[in-house]
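In what follows, a single structure is set out as structure tokens and then discussed.
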Amino acid sequence: MDHETALASLFAAEGRLDPYPAYDALREHSPIFRALDGRWFVTTHELTNRLLREPSLRVADAGDYDDSWPDWRENRAVASIVMSMLQYNPPEHTRVRRAAASTFTARRVAGMRDVITGLAEDLIKEMPQRADFVSAFAYPLPIAVICALLGVPDSDRQWFRRRAADLTVVLEPISTEEEMSTADAAGRELEDYFAGLIAERRRSPREDLTSALAADGTLTGQELLANLVLLLVAGFETTTNLLGTGLALLLERPDLSDRLRREPGLAPALVEEILRYDSPVQLTTRFTGTALDLGDGLHLAPGTPLTMLLGAANRDPARYPDPHVLDPDRPGIQPVSFGGGAHYCLGAPLARLEAQVAFPLLLTMLPALALDGAPTRRDRLVLRGYAALPITTS
């Protein structure tokens, strides 16, 4: 197919279900190309990796939203994302990211291994003979982990699940008015919840991220709210997709499942390969802050939108031979699934750790684990994962 047809297919239902044929066509067309609507798309690993780390590129921030959508603050889901570090540029991004990183440390994440293991074991023990893996494990594990980090009581975890899922539609390039209204309602409820939690932690601090961020003092009240919402949403949505996608791939490959049972140490490499093979986040967009010279006579003016197709980059045959084969033994697996540069995903180590713990436990504690029908994909382009994954445990 030609590149315009391939691009159009990505934004259609069939293409969202399986974007990889379109990615192949787009990559073969060019490492970077301009669509008819003026947007530029990046398709290769080399160029995506380079641009993710290009300091002159910027994200769309509040000023950009003011120009294109003056009423964006009225939708509190949108406001929660725009006022978070996800949509901040330096120097504001540097300030907020530093505050979050000082609490969301590698040591704190590494110290969660035993907690994650205990939560995963409990969920596996409670799993019925026939279940939807997404509902029974892939959602509740990351929700429980991020709620434990934030200091959210166990009793509120299920409440968070639906609202966080409703809010993430604002990250998609296409959404309906009804979806945006539902997201707004979820955003308002989450802001109200965290406002109460912040007030409680200021009165009575604990050893959790909410207490640490509230005590930091460098974030405004709106920034504190927005970044707590972001940590919640980002802390479970992408991990849920990673867990569901990973298990489906393992159950389709009994050889890999058996090997992981025998070699639990394979888990880190396997998780990296799953991230490369079918990324939980498929694209990200940046804008040129200044004129950008990409070589070969290609000059981009300031303000040019660049959409980097992470899923296409991760299956670039110039970087990964036989890219459509899941192979945890391939050398040098470095997926761009968590972005790069200043906006590299703060929660990437936590997502990796949850998957590295979960997959060996699932396969060893449930030796007869198998698919129980066809999985159902979520109809999303940016956040790729399963809506339902039927399994049988015996």
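Owing to the predicted nature of the structure, the values given are computational and were not obtained by experimental measurement.
For the side chain to side chain donor-acceptor pair (under 3.5 Å) with Arg384, the lone residue among Thr238, Thr245, Asp278 that qualifies is Asp278. Tyr23 pairs in a side chain to side chain donor-acceptor pair (under 3.5 Å) with only one of the listed residues (Gln282, Arg315, Glu28), which is Gln282.
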Show the numbers, then the answer: is there a side-chain contact (heavy atoms from CB on, under 4.5 Å) between Leu171 and Glu237? CA-CA 11 Å; Leu171 300 173; Glu237 183 76 13; over 6 Å; no
Please assess Leu228 against Leu232 for the test side-chain contact (heavy atoms from CB on, under 4.5 Å), listing each intermediate value before the final yes or no. CA-CA 6 Å; Leu228 285 172; Leu232 169 74; over 6 Å; no
Test Asp255 against Arg259 for salt bridge (charged side-chain N to carboxylate O under 4.0 Å, His left out), laying out the working first. CA-CA 6 Å; Asp255 59 319; Arg259 183 178 171 194; over 6 Å; no
May I have the step-by-step check of side-chain contact (heavy atoms from CB on, under 4.5 Å) for Leu389 and Leu371, ending in yes or no? CA-CA 8 Å; Leu389 184 65; Leu371 290 173; 3.8 Å; yes
Between Phe160 and Tyr193, does a ring pair (Phe, Tyr, Trp, His ring centres under 6.0 Å) hold up when you go through it step by step? CA-CA 10 Å; Phe160 270 99; Tyr193 183 95; 4.7 Å; yes
Take Leu7 and Leu36 through the side-chain contact (heavy atoms from CB on, under 4.5 Å) test and state the conclusion after the steps. CA-CA 10 Å; Leu7 186 61; Leu36 295 176; over 6 Å; no
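Asp296 contributes no side-chain N or O that, together with a main-chain N or O of Leu298, makes up a donor-acceptor pair within less than 3.5 Å. The main-chain N or O of Val325 is found under 3.5 Å from a side-chain atom of Arg330 such that the two form a donor-acceptor pair. Between the side chain of Arg113 and the backbone N or O of Val357 there is no donor-acceptor pair closer than 3.5 Å. Ser9 contributes no side-chain N or O that, together with a main-chain N or O of Gly15, makes up a donor-acceptor pair within less than 3.5 Å. A donor-acceptor distance shorter than 3.5 angstrom exists from the side chain of Asp316 to the backbone of His45, with no hydrogens or angles considered. Glu263 places no side-chain N or O within 3.5 Å of a backbone atom of Gly265 that could act as its donor or acceptor partner.
In this structure, Trp159 is a member of the same hydrophobic cluster as Leu123, with clusters built from ILVMFWY side-chain heavy atoms closer than 4.5 Å. Connection of Leu51 to Phe287 is not established within any shared hydrophobic cluster, with ILVMFWY side chains joined at heavy-atom distances below 4.5 Å, either directly or through further cluster members. Placement of Phe11 and Met180 within a single hydrophobic cluster is found when ILVMFWY residues are connected by side-chain heavy-atom separations under 4.5 Å, directly or transitively. Two different hydrophobic clusters hold Tyr277 and Ile333 under the rule that ILVMFWY side chains link at heavy-atom gaps under 4.5 Å. Both Val115 and Leu231 belong to a single network of hydrophobic side chains, linked directly or stepwise wherever heavy atoms of I, L, V, M, F, W or Y lie under 4.5 Å apart.
In this structure, Arg162 pairs ionically with Asp166, as a charged nitrogen and a carboxylate oxygen lie closer than 4.0 Å. Ionic pairing of Arg73 and Asp66 is present here: one or more N-O contacts between side-chain nitrogen and carboxylate oxygen are shorter than 4.0 angstrom. Using a cut-off of 4.0 Å between Lys/Arg side-chain N and Asp/Glu carboxylate O, Asp258 and Arg262 are scored as not salt-bridged. The pair Glu223-Arg95 meets the salt-bridge criterion, since a charged nitrogen lies less than 4.0 angstrom from a carboxylate oxygen.
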Tabulate below the donor-acceptor pairs under 3.5 Å that side-chain atoms of residues 77-85 make, not counting sequence neighbours, or state none.
residue, atom, partner, partner atom, Å
Ser80, OG, Arg76, O, 2.9
Ser84, OG, Ile81, O, 2.7
Ser84, OG, Leu86, N, 3.2

Enumerate, atom names and distances included, each donor-acceptor pair closer than 3.5 Å involving a side-chain atom of residues 134-153, sequence neighbours excluded.
residue, atom, partner, partner atom, Å
Ser135, OG, Asp132, OD2, 2.9
Ser135, OG, Arg161, NH2, 3.4

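Closest approach of Pro90 to Thr94, counting heavy atoms only: CB-OG1, 3.9 Å. Between Leu47 and Pro31, the shortest heavy-atom contact is CD2-O, 3.9 Å. Taking all atoms of both residues into account, the shortest heavy-atom contact from Leu224 to Ala214 is CD2-CA, 3.9 Å. Residues Ser279 and Val281 approach most closely at OG-O, 2.5 Å, considering heavy atoms. Residue His343 comes nearest to Arg286 through the heavy atom pair CB-NH2, 3.5 Å, listed as atom of the first residue, atom of the second, then distance. Shortest non-hydrogen contact noted between Val382 and Glu172 is N-OE1, 3.1 Å.
The closest side-chain heavy-atom distance from Arg130 to Pro390 is not below 4.5 Å. Counting only heavy atoms from C-beta outward, the side chains of Arg108 and Leu209 approach each other to under 4.5 Å.
The aromatic rings of Phe33 and Phe41 sit parallel, their planes meeting at an angle under 30°, below the 60° perpendicular limit.
Atom CZ of Arg157 and atom CG of Leu119 lie 6.0 Å apart (nearest 0.5 Å). Taking CG of Leu362 as the reference point, atom CZ of Arg261 lies at 10.0 Å (rounded to 0.5 Å).
The distance between the ring centers of Tyr386 and Phe133 does not fall below 6.0 angstrom.
Under 3.5 Å, the side chains of Arg206 and Ser204 contain no donor-acceptor pair of N or O atoms.
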